[in-house]
Each structure stands twice: as structure tokens, then as C-alpha cells.
Amino acid sequence: MKYSALIKISAAVLILGACAPEITKGFRKTGKAAVAAQDLYPFWMPQRTHLFTMKIDFREHHFSGLLLVKQAGAGYYRMVFNTHFGLGVFDFEFRRGTFLVHSCLDALHRKSVLNLLEKDFRTLFFLDVEPFANTAVVYHSPADPSLEVNRINGRYYLKNTTQKTLLKMEVPRCFNSGYYDFSHYRDNFPETMTIKHGGTGLQIALEKIHNTTGR
Amino acid sequence: MRFTISFFYVMLCAWAAAAQTDFTPVASTGQLDAALTAATNKVNAIESDFVQTKYMDMLSEKIVSTGKFYYKKANKIALDYTSPVHYLIVINGQQIKIVSDGKKNIYELRANKMMSQTSVLLSACMTGNLPLLSKDYHLEYAENGTQYRIKILPLDRIKSYLKEIDIFLNKQDLSVDRLRMTEPTLDYTEYVFTNKKKNTSLTDEIFRID
């Protein structure tokens with residue numbers, strides 16, 4: 001009986017440990033605060049078009065192409081992914097409450113794939129955060145006072161308050177957490193972004209490309 | 001009087017310009033087919049620069065890529081992209097190699113009918129070797145003063161991602177000047193080929209798969 005209880009407790013501890021966010025390791029909870037979306041240093045600029053190479057790695061498979069992202073209005077993003085050869089792979093539209101698939105290659109037009117892409121990019125576009133008055137649990141790093149983590153609705157945002165840049169995001173899930181990294185900032189925009197899913201081994205990497213829209 | 005002359009002059013210029021760009025149906029498609037077959041039989045290799053422009057209608061945006069195009073008889077094609085990023089596609093027989101960010105992926109065309117069909121379509125379109133195309137396509141021929149335009153309409157499942165292809169052949173030597181691939185969404189990708197060189201001695205190294 002005691003042995004059985006010990007196994008159950010151990011299993012619960014292991015599972016809870018697996019679900020704990022990595023982003024807060026080394027940080028201490030210091031309280032709560034009202035946080036606006038702007039306080040997370042979102043980098044997408046209105047009416048701007050950004051071009052990236054997007055590389056998707058899933059186990060032994062590697063796929064790449066060109067991703068065009070346009071913030072066409074407040075809380076409204078259009079995202080078009082083409083192969084390097086020019087063929088359209090998908091064309092998605094994100095708004096706060098909706099996700100519209102304008103087009104998608106048959107091979108990717110599956111609920112599981114679309115759900116994953118929708119969640120990943122909705123988080124990337126900060127569409128999960130209200131513009132104002134989000135209640136955030138705040139964590140600070142004893143080692144570096146400029147670093148701060150905000151937890152809002154189960155999502156974690158690591159920011160550098162001195163440089164006013166967002167460094168990482170984490171969306172913890174027990175077996176398929178999403179880890180977002182932002183680096184190589186230039187003109188307040190991260191030129192390198194990665195999204196990794198520990199459970200599935202899926203990784204999406206974006207590298208910004210400059211001045212190739214023929215204008 | 002002066003206004004009348006000017007008006008007719010402008011109309012004449014507009015008409016002359018339109019005559020150069022407007023396409024009319026080709027009188028004898030059989031003759032053109034024969035000429036294309038003869039022309040492609042004389043070509044063992046092609047080397048050219050290309051500019052690829054992807055137009056996205058709803059976004060009013062375009063993406064421009066550039067690179068070099070290589071073809072060697074009978075079934076070797078390479079597209080070596082130099083901007084905005086380095087990217088390489090090589091088709092050699094029944095194999096296709098894609099190199100992106102230093103990573104190489106090799107696919108067997110035999111294992112994927114759609115990929116195989118697309119490969120044949122691209123080879124035919126980029127080299128002007130239209131007799132390669134099977135009954136799975138409907139072709140429409142037209143011409144103007146300087147070019148032939150051949151509209152290719154896929155009839156099989158390729159039409160799920162390619163609505164139509166327009167090939168513009170130079171009348172002087174029947175080489176491909178321009179290629180436009182239109183998707184069902186009406187977005188399209190256009191390739192313009194320049195500095196074309198025929199029958200240069202291309203090494204097999206360019207088309208190496210492994």
C-alpha cells in the first residue's frame with residue numbers, strides 16, 4: 001500500500017516537474033502587476049511588411065521557403081508562405097478572435113497542422129494579450145535586475161527592461177511546450193526568431209530578409 | 001486642326017503599341033509544334049540568368065528572387081538562387097535535390113507522382129520543350145509581333161495548385177523569354193530569362209545529386 005502511494009506521488013512529482021516552465025528558472029516571484037501589451041515590447045509594426053526565410057525542421061525532415069508577414073491593421077495580420085520556387089504553400093489571416101485560411105496546400109490542410117500553426121503564430125503576433133490591463137505575475141532575476149518575466153494567462157514573457165526588448169516566450173504544456181526565442185535585434189526588431197516544441201521535435205526558424213520586394 | 005492631328009497621332013501610337021503586345025491565335029499550331037520540336041532537338045544545353053517575381057494579389061506585394069538557370073539534355077535542370085537567399089534545386093532524371101541553408105534533401109520522383117508530373121511540367125516550360133507534355137494538359141497558342149504565347153491548362157490534379165501557365169517564346173529562336181505560373185488564388189510567379197546561352201559546355205557537376 002505504502003509502495004503504491006509512493007509510486008503515485010513520485011509520478012505526480014515527475015509530471016508536475018515536466019510541466020514546470022523553464023523560463024522562470026533562477027527567477028523569484030515578486031508580485032503582481034497590471035501590464036499593457038506594450039509593456040511586453042511587441043515588435044510588429046503597423047502597416048509594415050516583413051519578409052523572412054522560414055525553415056521548418058521536424059525530425060529528419062527539413063523544409064524552407066519565404067514568409068511574408070504584414071500587419072494590415074490593429075490586431076490583424078496576414079501571413080503568406082511560399083516555396084523558394086514561388087509556389088504558394090499557405091495564406092493565413094489572423095485577427096483577435098478569428099483565424100482564416102485563405103489558401104493552403106492539401107498536404108498541410110489538416111486540423112492538427114493548422115491548429116499548431118495557428119497557436120504558434122497567434123502567440124508570436126501577441127494576439128493572446130489584451131492591449132490593456134492584463135494581470136501579470138511578475139518574476140525578477142536576483143542575478144540581473146534588468147531581466148523580468150511576466151506570466152499572463154499561462155504564457156510567460158522574458159524581457160530586458162533596460163534594453164526594452166522581448167527575449168523569450170514560453171507556453172508551457174505538459175508534453176509539447178512552445179519555446180520562442182528572439183535575437184539579433186536591429187531597429188527594435190528581432191532578426192532571428194525560433195519556435196521550438198519539445199514534445200514533437202518541431203522547430204520553426206525565421207530569419208529576416210531585407211529589401212527584396214522590388215520596391 | 002492641330003488638335004485633330006495630335007489626337008489621331010496619339011491614337012496611331014496607341015494602336016501600334018497594342019499591336020505589339022496583343023496576342024492573336026496562331027493560324028497553324030501544327031507548324032509551330034513542328035518548329036518547336038526542331039528547335040529543341042538542336043539544343044543540348046541552356047544557361048541563363050533569371051529573375052523570379054512572386055505577385056500576391058490580395059497583399060499587393062511582390063517578392064523578387066534572382067539566380068542562374070541551367071539545362072542539359074535530356075532531363076537535367078538546375079535553378080541556383082543567389083538572392084534573397086542561396087537556394088539550389090537540381091532535377092536529374094528521377095531524382096531531385098534541394099539544398100537550403102547547407103542542408104541537402106534528395107527525393108525520388110518515382111515515389112511521388114505529383115512531384116514527378118510537376119518536374120516534367122517545369123522542364124517542358126523552362127526549356128520550351130512542349131511536346132514533352134502529355135494529354136493531361138490543354139494548350140492554347142497565340143502570337144504577336146515578337147513572341148508566341150502558349151497557355152497551358154492542367155487538366156489533372158496539378159490544377160489544384162497551378163491554374164495555368166503562360167510561356168512566352170522569342171520568335172527569333174523559340175527560346176523561353178518569360179514564364180508565368182498562375183495559382184488558383186490568382187497569385188502568380190513570373191520568371192524572366194536573360195543572357196541566354198545555348199549549347200555551352202555545362203559540366204555534370206552542376207547537376208550532381210549526391
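Naming convention: chains lettered A, B, ... in sequence-line order (proteins, then strands); numbering from 1 in each chain. Every value quoted in this text rests on a predicted model; they were computed, and no experiment measured them.
- For Tyr81(B), the part sitting under 4.5 Å from any heavy atom of chain A is the side chain, from C-beta outward, and nothing else.
- Ring centroid separation for the pair Tyr141(B) and Tyr148(B) does not come in under the 6.0 Å cut-off.
- Judged by the 6.0 Å and 45° rule, Lys72(B) forms no cation-pi pair with Phe207(B).
- Here Asp101(B) is the residue among Leu162(B), Thr53(B), Asp101(B), Ile98(B) with the most heavy-atom pairs under 4.5 Å with chain A.
- For the options Leu105(A), Asp106(A), Leu87(A), heavy-atom pairs under 4.5 Å to chain B are most numerous at Leu87(A).
- Expressed to the nearest 0.5 Å, how far OG1 of Thr66(B) lies from OH of Tyr191(B) amounts to 13.5 Å.
- Looking at Leu122(B), only its side chain comes within 4.5 Å of chain A, counting heavy atoms on both sides.
- The aromatic rings of Trp44(A) and Phe125(A) sit perpendicular, their planes meeting at an angle over 60°, well past the 30° parallel limit.
- Of the inter-residue distances, the one linking Phe52(A) atom CZ with Met79(A) atom CE reads 10.5 Å to the nearest 0.5 angstrom.
- Looking at Thr185(B), the atoms closer than 4.5 Å to chain A (heavy atoms on both sides) all sit in the side chain, from C-beta outward.
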